[in-house]
Engineer: 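One structure follows; several queries about it will come next.
Chain A is the first sequence line, chain B the second, and so forth, proteins listed ahead of strands; every chain is numbered from 1. Basis for what follows: all heavy atoms, side chains included, without hydrogens, waters or symmetry-related copies.
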Amino acid sequence: MPELPEVETTRAGLAPHVEGRRVRAVTLRRPDLRWPIPPEISATLPGQRIDAVRRRAKYLLLDTAAGSALLHLGMSGSLRVLPADTPLRDHDHVDLVLDGGGPDSKRVLRFNDPRRFGCLLWQPTGETHALLRGLGPEPLSDDFDGDYLFARSRGRSAPVKAFLMDQRIVVGVGNIYVAEALFAAGVSPLRAAGKVSRERYAALAAEIRRILGHAIARGGTTLRDFISPDGAPGYFEQELSAYGRGGEPCPRCGRPLKQAAIAQRATVWCGGCQR
DNA sequence: ATGTTTCCCTGCTTGC
DNA sequence: TGCAAGCAGGGAAACA
């Protein structure tokens with residue numbers, strides 16, 4: 001279930017293996033993932049050189065002169081760079097065959113996604129794909145802070161948890177990390193977004209940045225070589241304070257952590273520490 | 001416009 | 001032991 005840190009780790013791991021390489025061919029083993037794979041992926045992408053691998057929110061962009069391949073890993077997707085003759089596994093849906101320095105170094109960028117919540121789309125040069133329009137700021141950018149959250153939240157009655165997970169407000173804060181940030185900041189996920197003070201939004205913004213930054217740094221240290229059978233880093237479950245611990249004692253006060261669904265998502269919090 | 005619910009899909013877990 | 005049901009999850013889309 002890649003959240004922003006996993007996507008950023010994937011980007012960083014991928015970049016040195018694909019940047020500067022040319023896409024020799026594209027193999028589609030099914031016509032769609034979440035959405036149909038557009039014809040440009042087969043017709044335009046082959047022959048293009050990948051100039052850069054970028055990330056926006058949880059989307060990865062493979063930039064070429066003609067445009068960018070836009071990838072989302074959904075919740076079960078993974079990308080690996082492998083020798084071209086690596087046997088297929090279940091759910092290996094797409095290969096980008098990459099030019100190497102010679103015949104022995106031919107590689108493929110292989111997209112595996114069992115649940116197919118991911119996507120592979122195309123963004124022509126000079127255009128911004130509809131999915132990327134209207135996205136909020138990156139949580140690790142200077143545009144994101146407590147004052148920003150405070151200003152955007154006035155008058156809103158939705159739970160602060162739903163507000164923080166809204167990609168138009170801030171991108172990349174998924175269910176796991178929002179639970180951790182709310183716990184660390186002592187804010188109840190049920191509180192109306194418009195009723196959270198400026199000071200507490202400052203704490204929330206700081207915790208979001210700290211937790212995401214820490215996870216990215218850990219991912220970076222874990223994933224040394226991206227050419228490996230297991231490309232996706234784990235979640236460091238032992239470091240999670242709230243997520244997935246419903247019923248267990250609160251790490252801070254010892255009272256049992258509550259669990260309920262908020263906005264159709266499993267939510268865990270401490271009724272004592274989070275107000 | 002904002003808030004809420006539904007839906008996509010498969011693998012894992014739980015219950016009978 | 002096997003099978004069915006339940007759950008998880010990002011986020012777009014539909015709906016109120």
Engineer: To the nearest 10 degrees, what angle separates the axes at the start and end of the helix from dT2(B)-dA16(C) to dC16(B)-dG2(C), five pairs each?
Structural biologist: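 What I find for the helix from dT2(B)-dA16(C) to dC16(B)-dG2(C) is an axis angle of 50°.
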
Engineer: Check whether any side-chain N or O of Tyr177(A) sits under 4.0 Å from OP1 or OP2 of dG10(C), and answer yes or no.
Structural biologist: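 Answer no for this pair, as no side-chain N or O of Tyr177(A) is under 4.0 Å from OP1 or OP2.
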
Engineer: Of all the nucleotides listed (dG11(C), dG3(B), dG11(B)), which has the minimum atom distance to the side chain of Ala158(A)?
Structural biologist: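 Between dG11(C), dG3(B), dG11(B), the one nearest the side chain of Ala158(A) would be dG3(B).
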
Engineer: Side-chain N or O of Ser157(A) less than 4.0 angstrom from OP1 or OP2 on dG3(B)?
Structural biologist: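 Yes.
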
Engineer: Any chance you could lay out the salt bridge (charged side-chain N to carboxylate O under 4.0 Å, His left out) test for Asp32(A) and Arg30(A), step after step, and finish with the verdict?
Structural biologist: CA-CA 6 Å; Asp32(A) 60 350; Arg30(A) 55 173 305 128; 3.0 Å; yes

Engineer: So does His91(A) get a side-chain nitrogen or oxygen closer than 4.0 Å to the phosphate oxygens (OP1/OP2) of dG11(B)?
Structural biologist: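 Looking at the OP1 and OP2 atoms of dG11(B), one of them is under 4.0 Å from a side-chain N or O of His91(A).
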
Engineer: Starting at atom CG of Leu164(A), determine the distance to atom C1' of dG11(C), rounded to an integer number of angstrom.
Structural biologist: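 So the CG-C1' distance, Leu164(A) to dG11(C), works out to 16 Å.
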
Engineer: For the pair made of CD1 in Ile169(A) and P in dT2(B), what is the distance, rounded to whole Å?
Structural biologist: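 Ile169(A) atom CD1 is separated from dT2(B) atom P by 8 Å.
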
Engineer: Which value, rounded to the nearest 0.5 Å, describes the distance between Arg11(A) atom CZ and Leu4(A) atom CG?
Structural biologist: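 It comes to 11.0 Å.
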
Engineer: Any side-chain heavy atom of His93(A) within less than 4.5 Å of one from Arg110(A)?
Structural biologist: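 No - every pair of side-chain heavy atoms lies 4.5 Å or more apart.
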
Engineer: If you assign each of Arg34(A) and Asp90(A) to its closest nucleotide in DNA chain B, which residue comes earlier from the 5' end?
Structural biologist: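 Its nearest nucleotide lies further toward 5', so the answer is Arg34(A).
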
Engineer: Is the CZ atom of Arg168(A) crowded by more than 12 outside heavy atoms at less than 6.0 Å?
Structural biologist: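 No, the 6.0 Å shell around CZ holds no more than 12 heavy atoms from other groups.
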
Engineer: Taking CG from Asp32(A) and P from dT10(B), how many angstroms apart are they, rounded to a whole number?
Structural biologist: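 Taking atom P of dT10(B) as the reference, CG of Asp32(A) is at 10 Å.
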
Engineer: Taking only distance into account, with no hydrogens and no angle test, what donor-acceptor pairs under 3.5 Å do side-chain atoms of residues 185-197 of chain A form with protein atoms, sequence neighbours excluded?
Structural biologist:
from	atom 1	to	atom 2	distance (Å)
Ser188(A)	OG	Leu190(A)	N	3.1
Arg191(A)	NE	Arg275(A)	O	3.4
Ser197(A)	OG	Arg200(A)	N	3.1

Engineer: Grab the OH-C1' distance between Tyr59(A) and dG11(C) for me, whole Å please.
Structural biologist: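 Whole-Å distance recorded here is 7 Å.
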
Engineer: Arg168(A) has an atom CZ; how far is it from atom C1' of dA12(C), in whole Å?
Structural biologist: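 In whole Å, dA12(C) C1' lies 11 Å from Arg168(A) CZ.
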
Engineer: For the rings on Tyr59(A) and His72(A), is their centre-to-centre separation under 6.0 Å?
Structural biologist: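 For Tyr59(A) and His72(A), the ring centres are under 6.0 Å apart.
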
Engineer: For Leu73(A) and dA8(C), give me the distance from atom CG to atom P, rounded to whole Å.
Structural biologist: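 Between P of dA8(C) and CG of Leu73(A): 22 Å.
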
Engineer: Please state whether the phosphate of dT10(B), meaning OP1 or OP2, lies under 4.0 angstrom from any side-chain nitrogen or oxygen of Arg116(A).
Structural biologist: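 The answer is yes; a side-chain N or O of Arg116(A) sits under 4.0 Å from OP1 or OP2.
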
Engineer: Starting at atom CZ of Phe117(A), determine the distance to atom C1' of dC7(C), rounded to an integer number of angstrom.
Structural biologist: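 Phe117(A) atom CZ is separated from dC7(C) atom C1' by 12 Å.
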
Engineer: Which residues, if any, of residues 259-270 of chain A bring a heavy atom under 4.0 Å of DNA chain C?
Structural biologist: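 Within residues 259-270 of chain A, the residues near DNA chain C are Arg265(A), Ala266(A).
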
Engineer: Rounded to the nearest 0.5 Å, what separation is found between the CZ atom of Arg252(A) and the OG atom of Ser241(A)?
Structural biologist: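 So the gap between those two atoms works out to 8.0 Å.
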
Engineer: Under 4.0 Å: is that the gap between some side-chain N or O of His72(A) and OP1 or OP2 of dG10(C)?
Structural biologist: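 For His72(A), the contact criterion (side-chain N or O under 4.0 Å from OP1 or OP2 of dG10(C)) is not met.
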
Engineer: Checking all strands, does Phe163(A) fall into the base, sugar-phosphate, or nothing category for heavy-atom contacts under 4.0 angstrom?
Structural biologist: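 The residue Phe163(A) makes no contact with any strand.
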
Engineer: Quick one: do Arg29(A) and Asp95(A) make a salt bridge, cutoff under 4.0 Å?
Structural biologist: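 Counted as a salt bridge, because a side-chain N and a carboxylate O are separated by less than 4.0 Å.
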
Engineer: Can you tell me the distance, in whole Å, between the CE atom of Met165(A) and the P atom of dA12(C)?
Structural biologist: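 In whole Å, dA12(C) P and Met165(A) CE are 12 Å from each other.
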
Engineer: Report which part of the nucleic acid Leu131(A) touches: base, sugar-phosphate, or nothing (heavy-atom distance under 4.0 Å, all strands).
Structural biologist: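 The answer is sugar-phosphate, as Leu131(A) gets under 4.0 Å only of primed atoms, P, OP1 or OP2.
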
Engineer: Please tell me if the side chains of Ile169(A) and Leu164(A) come closer than 4.5 Å, counting only heavy atoms from C-beta onward.
Structural biologist: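 In short, these two side chains do not touch, never coming nearer than 4.5 Å.
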
Engineer: By the definition side-chain hydrogen bond (donor to acceptor under 3.5 Å, both in side chains), identify the one residue from Glu3(A), Lys161(A), Arg265(A) that meets it with Asn175(A).
Structural biologist: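 Considering Glu3(A), Lys161(A), Arg265(A), a side-chain hydrogen bond (donor to acceptor under 3.5 Å, both in side chains) with Asn175(A) is found only for Lys161(A).
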
